[in-house]
**Student:** 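Just passing along the structure, written as structure tokens.
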Amino acid sequence: MTKRFKNKPTGLLSFSDLKTPKGKIVYWLFFALLLIACLVAVIPAIWTILTAFKDTQEIYSEFTFLPKNMSWGRIVTRLSESWAALQLGGSVFNTIILSVGNLVMTVIVCGIGGYVLSKLKPKGYKLIFTLVVWTMMMPGQMRLVPCYISYLHFPFAYDIGGVSLLDTYWPMWLGAAANAFNVILFKNSFDGLSQSYVDAAKIDGCGDVGTFFKIMLPLAMPIVIFVSIGALSGAWAEFFTPMLVLDKNTVLPVKIYRLAGDTSIKMNTYFMALVFSCVPTFLIFLIFQRHILGGVNIGGVKG
């Protein structure tokens, strides 16, 4: 144990602390707590996956953690039969459209917002930044009714004109564009870039829009990747707003919620629907885990 911490000078426990009995007790105590937390998080997910491959009789007759039959043929049969019974193709396609829209709106609108507050700094930018930060402190329940009325009569909040955004993706896309946290992340990232990049671009005759897309955005690629991952994974997990405003264009989480009341769907098939819904977010984490885990430090260190 101590060999792994030999070159560890800082932190809660240093190499010298692990040589003492008290340090060892603290180490193993934290290790046990983290192991329990890991099991609490992982076991329900594993149980859901295994239940999806069980027969219906196995689920109701007796409690078994592992399915009785886990052959490759059984796995392929369960996957194909469940996909045919659930008919999730349309919902998956709708969720992809929602995810792409969230990605575009997050990168472009939030990126431009952070760029304006960081580099252009128009008159009143401090007040605007204060309002942006203040919106993060407002509970989502407080915005629920005003936002719904705005969606119903956009851009006016009352029945004096405008168009209805219900059963469209625009409420989610506009919500992604107005994400104050992402605006702050972009602002902090651009604050770490030298103003000389903007000045050099202006000398070369590049406008503000060109400077943002051609110079600043590529230089801020780590934060672009981080917020893009959040936008994609958030779109696949978003439930309440699509449930509130969508009807025909049902996305995957809402589709699975409505399947819970369908008596024609067997329990193991419903569990398979939960597995299908988790696959995209799992792949996003698997591919971009380095950026996700490193995103804690993004915006906190200026270069």
Side-chain angles (χ1 to χ4, degrees), residues 93-136 140 143 147 150-151 154-155 162-163 165 168-195 197-202 204-238 241-242 245-246 249 251 280-281 284 287-288 291-292 294-295 298-299:
F93 180 74
N94 293 336
T95 311
I96 292 175
I97 296 176
L98 175 61
S99 303
V100 173
N102 278 13
L103 174 62
V104 173
M105 297 296 282
T106 297
V107 173
I108 294 180
V109 179
C110 295
I112 291 177
Y115 172 66
V116 170
L117 293 174
S118 175
K119 297 303 181 184
L120 300 185
K121 297 181 180 179
K123 292 184 179 180
Y125 78 95
K126 292 185 178 180
L127 175 61
I128 295 174
F129 181 70
T130 301
L131 294 175
V132 170
V133 175
W134 180 77
T135 59
M136 297 178 61
R143 303 192 298 264
C147 286
S150 299
Y151 302 151
F154 187 82
V163 295
L165 297 182
T168 68
Y169 302 109
W170 279 106
M172 285 71 72
W173 290 345
L174 293 175
N179 191 310
F181 180 71
N182 288 337
V183 172
I184 295 175
L185 285 180
F186 271 110
K187 179 185 180 299
N188 290 342
S189 179
F190 291 137
D191 285 342
L193 298 176
S194 176
Q195 181 67 27
Y197 290 112
V198 180
D199 298 336
K202 290 182 178 180
D204 291 338
C206 190
D208 293 330
V209 176
T211 302
F212 171 74
F213 283 103
K214 296 180 181 179
I215 299 176
M216 303 302 292
L217 199 61
L219 291 175
M221 192 53 62
I223 195 66
V224 172
I225 295 175
F226 180 70
V227 300
S228 299
I229 294 169
L232 292 175
S233 59
W236 280 97
E238 190 172 6
T241 304
V245 302
L246 293 181
N249 301 316
V251 294
T281 52
I284 290 173
I287 297 172
F288 301 103
H291 300 284
I292 296 174
I298 290 179

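Small disclaimer: the values here were computed from a predicted structure and weren't measured.
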**Student:** Which value, rounded to the nearest 0.5 Å, describes the distance between Trp170 atom CH2 and Leu165 atom CG?
**Tutor:**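 Spacing of CH2 (Trp170) from CG (Leu165) equals 9.0 Å.
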**Student:** Looking only at heavy atoms, which two atoms of Ser228 and Val107 are closest? And how far apart?
**Tutor:**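 Here Ser228 and Val107 meet closest at OG-CG2, 3.6 Å.
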**Student:** Out of curiosity, Ile108 CD1 to Thr106 OG1, how far, rounded to the nearest 0.5 Å?
**Tutor:**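 Ile108 CD1 to Thr106 OG1: 10.0 Å, rounded to 0.5 Å.
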**Student:** Using side-chain heavy atoms (C-beta onward) and a distance below 4.5 Å, is Ile97 in contact with Trp173?
**Tutor:**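 They are in side-chain contact.
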**Student:** Look up atom CD1 in Ile128 and atom NZ in Lys123, then write down how far apart they are to the nearest 0.5 Å.
**Tutor:**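 Answer for the CD1-NZ pair, Ile128 versus Lys123, is 13.0 Å.
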**Student:** Given 3.5 Å as the limit, does a donor-acceptor pair link the side chain of Lys119 with the main chain of Leu193, or not?
**Tutor:**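 Checking the backbone N and O of Leu193 against the side chain of Lys119, a donor-acceptor pair under 3.5 Å is found.
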**Student:** Could you check whether Tyr169 and Asn94, counting side-chain N and O atoms only, form a donor-acceptor pair closer than 3.5 Å?
**Tutor:**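 On atom types as modelled, these side chains qualify, holding a pair under 3.5 Å.
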**Student:** Identify the two heavy atoms, one from Val251 and one from Leu98, that lie closest to each other, and give their separation to 0.1 Å.
**Tutor:**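 Looking at all heavy atoms of both residues, the closest pair is CG1-CD2, 3.9 Å.
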**Student:** May I ask you to decide if Ser233's main-chain N or O and Thr281's side chain share a donor-acceptor pair within less than 3.5 Å?
**Tutor:**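 Here the side-chain-to-backbone pair does not exist.
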**Student:** Would you check if Thr95 and Trp236 make a side-chain contact, meaning some heavy-atom pair closer than 4.5 Å?
**Tutor:**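 The answer is yes, as the side chains (C-beta and beyond) meet within the 4.5 Å cut-off.
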**Student:** What is the minimum heavy-atom distance between Phe190 and Ala220, and which atoms define it?
**Tutor:**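 Shortest heavy-atom contact: CE2-CB, 3.7 Å.
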**Student:** Are the side chain of Thr135 and the backbone of Val132 linked by a donor-acceptor contact shorter than 3.5 Å?
**Tutor:**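 Yes.
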**Student:** For residues Pro242 and Met172, report the shortest heavy-atom separation together with the two atoms involved.
**Tutor:**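 That closest heavy-atom pairing would be N-SD, 4.1 Å.
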**Student:** Given Asp208 and Lys202, is the side-chain contact (heavy atoms from CB on, under 4.5 Å) satisfied, shown in steps?
**Tutor:** CA-CA 8 Å; Asp208 293 330; Lys202 290 182 178 180; 3.9 Å; yes
**Student:** Nearest 0.5 Å, what's the CG-CD1 distance between Leu117 and Ile184?
**Tutor:**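 Rounded to the nearest 0.5 Å, the CG-CD1 separation comes out at 9.0 Å.
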**Student:** Say you draw a straight line from CZ of Phe212 to SG of Cys206; how long is it, rounded to the nearest 0.5 Å?
**Tutor:**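 Answer for the CZ-SG pair, Phe212 versus Cys206, is 12.0 Å.
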**Student:** Looking only at atom types and distance, does a side-chain atom of Ser189 sit under 3.5 Å from a main-chain N or O of Leu185, one as donor and one as acceptor?
**Tutor:**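 Flag not set: sc Ser189 to bb Leu185 has no pair under 3.5 Å.
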**Student:** Hey, is OH on Tyr197 packed in by over 12 heavy atoms from elsewhere, all under 6.0 Å?
**Tutor:**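 It does not: Tyr197 OH has 12 such atoms or fewer within range.
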**Student:** Evaluate side-chain contact (heavy atoms from CB on, under 4.5 Å) for Phe186 paired with Leu217, printing each intermediate quantity in order.
**Tutor:** CA-CA 9 Å; Phe186 271 110; Leu217 199 61; 4.3 Å; yes
**Student:** From Ile112 CD1 over to Tyr115 OH, what is the distance, rounded to the nearest 0.5 angstrom?
**Tutor:**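 So the CD1 of Ile112 and the OH of Tyr115 are separated by 10.0 Å.
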**Student:** Checking Ile229 against Ile225 for the side-chain contact (heavy atoms from CB on, under 4.5 Å) test, could you report, in this order, the C-alpha distance in whole Å, the side-chain angles of both residues, the deciding distance, and whether it holds?
**Tutor:** CA-CA 6 Å; Ile229 294 169; Ile225 295 175; 3.9 Å; yes
